[in-house]
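These numbers come from the heavy atoms of this one structure, side chains and all, not from hydrogens, waters or symmetry mates. Ligands are counted one by one from 1 in listed order, and the atoms in each one are counted from 1 as well.
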Amino acid sequence: MADPKGFLTHDRELPARRPVDVRIRDWREVYEDFPRPALAKQAARCMDCGIPFCHNGCPLGNLIPEWNDLVYRDDWREAVERLHATNNFPEFTGRLCPAPCESACVLGINSDPVSIKRVEVEIIDRAFAEGWVTPRPPETKTGKRVAVVGSGPAGLAAAQQLTRAGHDVVVFERADKAGGLLRYGIPEFKMEKHHLDRRLAQMEAEGTEFRTGVNVGMDVTAARLREEFDAVVLAGGATAWRDLSVPGRELGGVHQAMEYLPPANRDLAASPISAEGRHVVVIGGGDTGADCIGTAIRQGAASVTQLEIMPRPPASRPGSQPWPTYPMLFKMESAHEELEAGGGARVYAASTTEFLSDEDGNVRALRLVDVEGPASGFRPIPGSEREIPAELVTLAMGFVGPEKGPLLTDLAALASRDFFDARGNVARDSSYATAVEGVFAAGDMGRGQSLIVWAIAEGRSAAAAVDEYLSGRTALPVAVPPTARPLV
Ligand SMILES: Cc1cc2nc3c(=O)[nH]c(=O)nc-3n(C[C@H](O)[C@H](O)[C@H](O)COP(=O)(O)OP(=O)(O)OC[C@H]3O[C@@H](n4cnc5c(N)ncnc54)[C@H](O)[C@@H]3O)c2cc1C
Ligand code: SF4
């Protein structure tokens, strides 16, 4: 512990967000730079607890007190080594993770937790800037071939670990570029894509091969893949979206969030589904909804309203969500700040009952009703029905699991036992193995829509299981067993 009084002398601090009226005119990340001396003070707040609960809060088991201490001592080179020991992609988590580690920080019991996520991202950004992040190709090759289906954080983590273990790894991705939701789901203002590209370049230099534009199950069958490779890792995500079956759902201008966000991320200047000049309603109060809000505002929406069926969450921990759990609290993401600055609203405890059409078959308004609930269901409050203008609607109501396309249905036909679990995700045993010999599953495809940090943790762990399957033993670390129940 570098500074025994750090937590008494320094308050928690984070970098400022760029002013709203400036940042909504571009797509760059929203945060200002954080001066290095200020970061050292934040690292100094870490108490290096005897039992660091933050380790347990982080699904990757990141060695947080160690790198806080190293940053305080100005040993950044060693700090990035310790960071990479447990996390392949801290530049993703340091920007995008909801930081369950901070909810579990002991300092957070009666004070503000350590700014762990900020320290994490500053370490990796400096390491890239200094040229310390270089390819680490394997010293020896095993001659075994592994196919990874899907190039989101789970597939990338599995691929990097397995390549470094000496296997020949090919990542298949149906999109034109690798990255999964990091590429086409998450907007530029949350993570600029050059962070992803530079990590992919490192992976290619290490020997990982990427084949994009290949839809496994359609362009190449699952059985063929199984024949050509010694092992297969399924990391195709949980992309089957939840829909809203109310009258008018078929109208023009009503889109799923993942129909709206990918083209917007592909073409920042001229997306084919643009919010420009339109009244936008985002249905769903989570992260995906926030991404739709920030995107619509940057496209020049006339107004933005967010609807959420659940009541507004509390501002501080309720007794039912005690430390060190990750509490469901009212959040003010950057997109929410932008929404409020533009006069938009977040409406809670409201349910959409109908989309109303203009004369061309496009949505012009949305009918909603306030509801009571969720205990024993949602009940409409009589007399609260009303209409709001809606010329572009995005449905951001979550995902129900992996798509049951040819890839999974063909594999299910080859399976020796149930291929899917009770929730419709791909079932795994404690070694990430599915019911088809030599086929493993990691990330959202096995656990349902989750978080980047969990996808990386599962990708790393599945890689260890595959390595052991192929080589009879493994030196790769296991971050998390698939049965672990998430705090988040
Ligand atoms: C809009 C949005 C915003 C989010 N924001 C955050 C956030 O800020 N922080 C956070 O922690 N989490 C966030 N999440 C959740 C997070 O992105 C996911 O949990 C994570 O990306 C899952 O990683 P994955 O590798 O399992 O799958 P994915 O990232 O979904 O990647 C799966 C990949 O597999 C490919 N694929 C699927 N089937 C095939 C096939 N048959 N052949 C070839 N390729 C295939 C897909 O094209 C995709 O590229 C967000 C999710 C969404 C939708
Ligand atoms: S990956 Fe997430 S939970 Fe782990 S240390 Fe980073 S911010 Fe915290």
Side-chain angles (χ1 to χ4, degrees), residues 54-64 67 83 86-87 89-90 92-105 113-121 124 147-158 171-187 190-191 211-220 222 225 234-239 241 256-258 260-262 265 284 286-292 295 326 333 394 396 398-399 402-403 405-408 441-459 487-488:
C54 54
H55 274 196
N56 201 39
C58 172
L60 286 159
N62 272 350
L63 305 168
I64 296 160
W67 33 263
L83 187 50
T86 55
N87 188 355
F89 313 123
F92 306 159
T93 48
R95 289 183 165 77
L96 301 166
C97 188
C101 55
E102 295 185 7
S103 302
C105 173
V114 175
S115 317
I116 299 169
K117 178 171 143 175
R118 178 48 47 180
V119 179
E120 179 176 27
V121 79
I124 186 62
V148 174
V149 182
S151 65
L156 293 181
V171 179
F172 292 88
E173 170 55 57
R174 64 186 174 190
D176 59 337
K177 286 186 178 177
L181 288 171
L182 297 167
R183 171 76 64 190
Y184 290 129
I186 289 164
K190 273 171 60 178
M191 188 182 78
R211 292 190 199 160
T212 54
V214 181
N215 191 340
V216 180
M218 309 274 276
D219 301 322
V220 50
L225 213 61
L234 302 176
T239 45
W241 50 57
Q256 279 286 345
M258 281 306 290
Y260 171 63
L261 291 171
N265 282 331
D287 281 345
T288 306
D291 291 350
C292 292
T295 300
Y326 182 79
E333 303 289 1
T394 65
F399 298 83
E403 288 166 39
L407 168 65
L408 296 189
D444 284 3
M445 199 161 232
R447 66 185 296 118
Q449 181 76 207
S450 179
L451 294 173
I452 290 156
V453 63
W454 277 106
I456 299 172
E458 285 211 1
L487 287 175
V488 197

S.K.: Under 4.0 Å from a heavy atom of Val149: which atoms of ligand 1 are those, numbered in the order shown and with their elements?
M.R.: 40 (C), 42 (N), 43 (C)
S.K.: Among protein heavy atoms, which lies nearest atom 5 (S) of ligand 2, and at what distance?
M.R.: Asn62 ND2, 3.3 Å
S.K.: Closest non-hydrogen protein atom to atom 4 (Fe) of ligand 2, residue and atom name please, with distance?
M.R.: Cys58 SG, 2.4 Å
S.K.: Which residue holds the protein heavy atom closest to atom 36 (N) of ligand 1, what is that atom called, and what is the gap in Å?
M.R.: Arg174 NE, 3.8 Å
S.K.: Whether the Tyr184 and Asp176 side chains hold a donor-acceptor pair (N or O, under 3.5 Å, no angle test) is what I'd like checked.
M.R.: yes
S.K.: Gln449 and side-chain contact (heavy atoms from CB on, under 4.5 Å): which partner among Thr288, Thr239, Leu181?
M.R.: Leu181
S.K.: For atom 2 (Fe) of ligand 2, what is the closest protein heavy atom, and at what distance to 0.1 Å?
M.R.: Cys97 SG, 2.3 Å
S.K.: Name the closest protein heavy atom to atom 6 (C) of ligand 1, giving the residue it belongs to and the distance to 0.1 Å.
M.R.: Ile186 CD1, 3.8 Å
S.K.: Could you walk me through whether Leu182 and Phe92 pass the side chain to side chain contact (heavy atoms under 4.5 Å, CB included) test, one step at a time?
M.R.: CA-CA 8 Å; Leu182 297 167; Phe92 306 159; 3.6 Å; yes
S.K.: Once you restrict to heavy atoms under 4.0 Å, what part of Leu181 touches ligand 1? Side chain, backbone, both or neither.
M.R.: both
S.K.: Starting from atom 52 (C) of ligand 1, which protein heavy atom do you reach first, and at what distance in Å?
M.R.: Thr288 OG1, 3.6 Å
S.K.: Should Leu96 be counted as touching ligand 1, given the test is an N or O pair under 3.5 Å?
M.R.: yes
S.K.: Are the side chains of Glu333 and Asp287 in contact, using a 4.5 Å heavy-atom criterion?
M.R.: yes
S.K.: Thr93 heavy atoms, cut-off 4.0 Å: which ligand 2 atoms fall inside?
M.R.: 1 (S)
S.K.: Has Trp454 got any heavy atom lying under 4.0 angstrom from an atom of ligand 1?
M.R.: no
S.K.: Quick one: CH2 on Trp67 to CG on Asn62, what's the gap to the nearest 0.5 Å?
M.R.: 5.5 Å
S.K.: Which is it for Gln449 and ligand 1 at heavy atoms under 4.0 Å: side chain, backbone, both or neither?
M.R.: side chain
S.K.: Which ligand 2 atoms are under 4.0 Å away from a heavy-atom of Val453?
M.R.: 1 (S)
S.K.: Any ion pair linking Arg211 and Glu173 (charged N to carboxylate O, less than 4.0 Å)?
M.R.: no
S.K.: Distance to 0.1 Å, residue and atom name: give those for the protein heavy atom nearest to atom 27 (O) of ligand 1.
M.R.: Gly237 CA, 3.4 Å
S.K.: Does any N or O of ligand 1 fall below 3.5 Å from an N or O anywhere on Ala154, backbone included?
M.R.: yes
S.K.: Which protein heavy atom lies closest to atom 37 (C) of ligand 1, and at what distance to 0.1 Å?
M.R.: Gly236 O, 3.2 Å
S.K.: Going by the order shown, which atoms of ligand 1 are within less than 4.0 Å of some heavy atom of Glu173?
M.R.: 33 (C), 34 (O), 35 (C), 43 (C), 44 (N), 46 (C), 47 (O), 48 (C), 49 (O)
S.K.: With heavy-atom distances below 4.5 Å as the criterion, would you say the side chains of Ile186 and Asn265 are in contact?
M.R.: no
S.K.: Give the residue and atom name of whichever protein heavy atom lies nearest to atom 26 (O) of ligand 1, and the separation in Å to one decimal.
M.R.: Asp444 N, 2.9 Å
S.K.: Quick one: look up the protein heavy atom nearest atom 6 (Fe) of ligand 2 and list residue, atom name and how far away it is.
M.R.: Glu120 OE1, 2.2 Å
S.K.: For ligand 1, indicate whether the residue Glu458 contacts it via side chain, backbone, both or neither (heavy-atom separation under 4.0 Å).
M.R.: neither
S.K.: Could you find the nearest protein heavy atom to atom 34 (O) of ligand 1 and give me its residue, atom name and distance?
M.R.: Gly150 CA, 3.2 Å
S.K.: Should Val216 be counted as touching ligand 1, given the test is an N or O pair under 3.5 Å?
M.R.: yes
S.K.: Has Cys101 got an N, O or S atom lying less than 2.8 Å from atom 4 (Fe) of ligand 2?
M.R.: no
S.K.: Mind checking whether Phe172 and Thr212 have side chains closer than 4.5 Å, heavy atoms only?
M.R.: no
S.K.: Are any non-hydrogen side-chain atoms of Pro402 and Asp444 less than 4.5 angstrom apart?
M.R.: no
S.K.: Under a 4.0 Å heavy-atom limit, does Leu156 contact ligand 1 with its side chain, its backbone, both, or neither?
M.R.: neither
S.K.: Under 3.5 Å, is there a donor on one side chain and an acceptor on the other for Thr394 and Gln256?
M.R.: no
S.K.: Is there a heavy atom of Pro153 sitting under 4.0 angstrom from any atom of ligand 1?
M.R.: yes
S.K.: Under 4.0 Å, heavy atoms only, figure out whether ligand 1 is touched by the backbone of Val214, its side chain, both or neither.
M.R.: backbone
S.K.: Under 4.0 Å from ligand 1, counting heavy atoms only, is it the side chain of Ile452, its backbone, both or neither?
M.R.: both
S.K.: Mark up the atoms of ligand 2 that fall under 4.0 Å of a heavy atom belonging to Ile64, in ascending order.
M.R.: 5 (S)
S.K.: Looking only at protein heavy atoms, which one is nearest to atom 5 (N) of ligand 1, and what is the separation?
M.R.: Lys190 NZ, 3.4 Å
S.K.: Compare all side-chain heavy atoms of Cys101 with those of Ile64 and state whether any distance is below 4.5 angstrom.
M.R.: yes
